[in-house]
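Worksheet for the structure shown next.
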Protein chains: 4
Amino acid sequence: MSPRIVNKQAKKEAIIQKATEVISAKGIYSFKMSDVADAADVGKGTLYEYFKDKEELVTACYVYFLDSFIDIADSVDLKNSARANLRSYISVLFKHFSKNIDSVHIAFDFWSQALQSSDNRQYVKLMTKAYNDFVAVLIRIIKDGIKKGEFRAIDVEKYAAAIVGMLDGILFQGVMGINDITDAKWPRVISNMILNGLSKTG
Amino acid sequence: MSPRIVNKQAKKEAIIQKATEVISAKGIYSFKMSDVADAADVGKGTLYEYFKDKEELVTACYVYFLDSFIDIADSVDLKNSARANLRSYISVLFKHFSKNIDSVHIAFDFWSQALQSSDNRQYVKLMTKAYNDFVAVLIRIIKDGIKKGEFRAIDVEKYAAAIVGMLDGILFQGVMGINDITDAKWPRVISNMILNGLSKTG
Amino acid sequence: MSPRIVNKQAKKEAIIQKATEVISAKGIYSFKMSDVADAADVGKGTLYEYFKDKEELVTACYVYFLDSFIDIADSVDLKNSARANLRSYISVLFKHFSKNIDSVHIAFDFWSQALQSSDNRQYVKLMTKAYNDFVAVLIRIIKDGIKKGEFRAIDVEKYAAAIVGMLDGILFQGVMGINDITDAKWPRVISNMILNGLSKTG
Amino acid sequence: MSPRIVNKQAKKEAIIQKATEVISAKGIYSFKMSDVADAADVGKGTLYEYFKDKEELVTACYVYFLDSFIDIADSVDLKNSARANLRSYISVLFKHFSKNIDSVHIAFDFWSQALQSSDNRQYVKLMTKAYNDFVAVLIRIIKDGIKKGEFRAIDVEKYAAAIVGMLDGILFQGVMGINDITDAKWPRVISNMILNGLSKTG
DNA sequence: TATGAATGAGCCTTCATTCAT
DNA sequence: AATGAATGAAGGCTCATTCAT
């Protein structure tokens, strides 16, 4: 009665993972559906069983990528000193990105695509949300530090944005091969820099 | 007696400027040669009189864009205190980018394209050079500050990279519409943050 | 003991009926096998248990459609006056088509397909036979009328063809929405026109 | 200054003519753009210089076909007796169609396509207009005949529609190979039939 | 027997590039 | 030197058909 039994969800994820590799390697604009089909070892037509069109596949890859960050934001708590919390957060981020440098490729691609107006508002929305999640965690940590008397009362929003921007920028340099983000010294250097900027006593 | 005296170099630059507008608006991957021809008010075939192919046109636009930064790097001197020099540099950068937010679009596009391996090594090289120019200026300022006893002796290279990354990241947020980089408070906030991180006395 | 007794012939007919609906709605060139599978509430693969390929399914639908006309031709007899017989035949046809305007759609579709040479000789044959059946009935009635002295001795074949053509044309106009073939006046108008053309006394 | 000088309108017409042949031969649903490109001896891309997409090419062919009828309708006047005018009109039509039997193919294809709902309303409109033009001419002739006392006062609209339907139907039979519309006897037979139906004296 | 997931041939359409004028 | 008509390679997507279950 029933033909080939397939876990469609699992297969969809498998395709997404292969597609992410392909997009990371060839670029969001240059990769071909046939590249993905080959990488995932399925026929071209099969891709369209799981994704309406190329764009839907790309979006799925991006969402899948964003989902991988949820855990990081959730892993932060405010039990310890604000200084320790911030060091911990920075450290976790560097570890995560060091391990997933490939998927960062695709993120920059998405953001680049998001820059082109009108059509890609959805990308912007998704990306903005991810960005805000990062910023929100930092804001929580910094405000907690101010409340605890560890940090000076600075412009929290701008500081948080600047910190995320800095991490983003360093990550970008890593992707570009300008510096080596797997260098274990990074978290300490960056944390120090931020904490010095925040310290009451300097 | 010559039937039509045309300054080929001037016309080439005119095309580059129009092409830059087109690329900024449509994106480095989506713009068409015909878009450029229309914008520059020349025939499609004419473009090929000035540029071997699409890639050469794109590269020319990127180089033209990079050249616009040379002045900024050159404008920095070390006559004043390191703190003042750094504030001045940050301030100049924000002013420049606020005025040329459109051309930043294209930079991110180039960098995104540069991420795709093999073929685009040239872009990476060009971009790396531009990045290094920025970093070099900061390194000069910071080292000068250390020598003058204004700054602590920190990991200069990483600090400089982090600062450029931060500026890059904030700029990116501006392009994405996440924050407003024309806000006049940015230079002071960022300068303070950096200087606090560098200060001996805090 | 047999696990599932299925009347294959009945199921085949059920599929044909659903397929006819689908073809009528979507058009002979635009309908998809999956449309039929959905409409008939069977799997796509199942269709191929009953029909070798799409073409065989289409042909089966057409034959099924043609069969519905056999009764009409058979219902005609020559007991009454030729004038009455012709009026009766015209009237029956209009009633039949008024009730089955939907299936006329499919007929025109078949004919349209039949127009494409080479491959579809079979359609032409089937259609020609149906056409000839209609014409034959008219020829019988007219010849009967001539024999009975009611009609003039005209070119029977051409007259019959013209009459069928006229009915066909009016039907087509009805399908196209140009006129309303359910208007009860049609049979009388058409019969009068034909009979005036055939009358000895005018 | 100016490249290849081409009469774009003439070339467009040439493509339309070749496309009409192709569509007539292969069918409106089965022909491929590459068929047309081959027939017109141009590259596939060239077709898209003249027509936005396949549908626009098809529509252009149809409109071109319809335009060929305008002259016929215009050629009718009411100077002579209504009987003579009608004979003349019928005769002109048969001559025209005999010469252009190929383009009739495409007309039936259009009409068939027009039958499929929603999307093809434009075809229906174009076709309805053409149909009405034919009917209008007949109505003029018949009304003129009634006024002149040559014809009986019958339901003019239905008569006219029936006559056009008849011509349409016979034409269809011709296209289908069921009868030979180039047979010179047709105009006389049909005219007689119609005139007998219209005559006061029979 | 029934199914629907998988497939890939095939077709429309785009666009960088060429070249006759 | 300048042009834009012409081109065809390339790639996204559809859908009839197959076949493992």
Side-chain angles (χ1 to χ4, degrees), chain A residues 1-8 11 30-37 40-57, chain B residues 2-6 8 11 30-38 40-57, chain C residues 2-6 8 11 30-38 40-57, chain D residues 1-8 11-12 29-37 40-57:
Chain A
M1 213 44 125
S2 183
R4 232 167 296 195
I5 290 157
V6 177
N7 183 337
K8 292 206 90 173
K11 185 154 187 179
S30 307
F31 87 96
K32 291 168 250 164
M33 288 303 267
S34 58
D35 293 333
V36 175
D41 203 33
V42 298
K44 265 182 299 164
T46 306
L47 297 179
Y48 291 86
E49 294 286 322
Y50 292 87
F51 307 94
K52 189 172 74 54
D53 53 19
K54 197 183 185 185
E55 183 173 343
E56 194 173 292
L57 171 61
Chain B
S2 49
R4 190 188 293 219
I5 296 165
V6 180
K8 288 209 75 169
K11 186 157 186 180
S30 305
F31 87 96
K32 295 172 230 164
M33 289 300 267
S34 60
D35 293 332
V36 175
D38 291 347
D41 203 33
V42 298
K44 266 182 296 168
T46 307
L47 297 179
Y48 290 84
E49 296 290 325
Y50 294 87
F51 307 95
K52 189 170 77 52
D53 52 21
K54 195 184 188 185
E55 184 172 344
E56 195 174 291
L57 171 61
Chain C
S2 48
R4 191 188 293 220
I5 296 168
V6 180
K8 289 209 73 170
K11 185 156 184 180
S30 306
F31 87 96
K32 296 172 232 167
M33 289 302 267
S34 60
D35 293 332
V36 175
D38 291 347
D41 204 32
V42 299
K44 265 182 299 168
T46 308
L47 297 179
Y48 290 84
E49 297 289 327
Y50 293 87
F51 307 94
K52 186 170 78 52
D53 54 19
K54 195 184 187 185
E55 184 173 344
E56 195 174 289
L57 170 61
Chain D
M1 211 49 123
S2 183
R4 233 166 295 195
I5 289 157
V6 178
N7 184 336
K8 292 207 88 172
K11 185 154 187 181
K12 187 169 187 174
Y29 278 104
S30 306
F31 86 96
K32 290 167 250 165
M33 289 302 267
S34 59
D35 294 333
V36 176
D41 202 33
V42 299
K44 265 182 298 163
T46 305
L47 298 179
Y48 291 85
E49 294 286 324
Y50 293 87
F51 306 95
K52 190 173 72 56
D53 54 18
K54 196 182 186 186
E55 183 172 346
E56 194 173 291
L57 171 60

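In the text below, chain A, chain B and the rest are named by the order of the sequence lines, each starting its count at 1.
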Taking the minimum atom-to-atom distance to the side chain of [X], which one of [options] wins?
| X | options | answer |
| --- | --- | --- |
| Y50(A) | dA16(F), dA5(E), dC13(F) | dA5(E) |
| K32(C) | dT17(F), dA16(F), dA2(E) | dA16(F) |
| K8(B) | dC15(E), dA1(F), dA10(F) | dA1(F) |

query: Does some side-chain heavy atom of E49(D) sit less than 4.5 Å from a side-chain heavy atom of V42(D)?
result: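 V42(D) does not reach E49(D) side chain to side chain.
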statement: Taking pairs as Watson-Crick (N1-N3 plus N6-O4 or O6-N4) or G-U wobble (N1-O2 and O6-N3), each distance under 3.5 Å, the stems of three or more consecutive pairs with DNA chain E are E:2-21 with F:2-21
Give the rounded distance in Å between these two atoms: [atom1] of [X] and [atom2] of [N].
| X | N | atom1 | atom2 | result |
| --- | --- | --- | --- | --- |
| D53(C) | dC15(F) | CG | C1' | 14 Å |
| M33(B) | dT18(E) | CE | P | 10 Å |
| K54(D) | dC11(E) | NZ | C1' | 8 Å |
| K52(A) | dC13(F) | NZ | C1' | 11 Å |
| E49(D) | dA16(E) | CD | C1' | 13 Å |
| D41(D) | dA5(F) | CG | C1' | 15 Å |
| K44(A) | dC13(F) | NZ | C1' | 9 Å |
| L47(D) | dT14(E) | CG | P | 12 Å |

- request: Kindly write out the residues that satisfy side chain to side chain contact (heavy atoms under 4.5 Å, CB included) with E56(A), not counting sequence neighbours, or none if the list is empty.
  value: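 By the side chain to side chain contact (heavy atoms under 4.5 Å, CB included) rule, E56(A) matches F51(A), K52(A), D53(A).
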- request: Taking side chain to side chain contact (heavy atoms under 4.5 Å, CB included) as the test, write out the residues that go with Y48(A), two or more places apart.
  value: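 M33(A).
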task: Can you measure from CG (N7(D)) to NZ (K12(D)) and round to the nearest 0.5 angstrom?
output: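 Reported to 0.5 Å precision, the distance equals 12.0 Å.
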- line: Interatomic distance, NZ@K44(D) vs CG@D35(D), rounded to 0.5 Å, equals 11.0 Å
- prompt: For DNA chain F, whose closest nucleotide is more 5', that of G43(D) or that of S34(C)?
  reply: G43(D)
- prompt: Is K11(C) near enough to dA2(E) that one of its side-chain N or O atoms lies under 4.0 angstrom from OP1 or OP2?
  reply: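 For dA2(E), OP1 or OP2 has a side-chain N or O of K11(C) closer than 4.0 Å.
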message: At less than 4.0 Å, is any side-chain N or O atom of Y48(B) found next to OP1 or OP2 of dC19(E)? Yes or no.
response: no
message: Run L57(A) and K54(A) through side chain to side chain contact (heavy atoms under 4.5 Å, CB included) and show every step you take.
response: CA-CA 5 Å; L57(A) 171 61; K54(A) 197 183 185 185; 5.6 Å; no
field: Shortest non-hydrogen separation from Y50(A) to T46(A) and the atoms involved
entry: CD1-O, 3.2 Å
- prompt: Under 4.0 angstrom, heavy atoms only, what part of the nucleic acid is F31(B) near: base, sugar-phosphate, or nothing?
  reply: sugar-phosphate
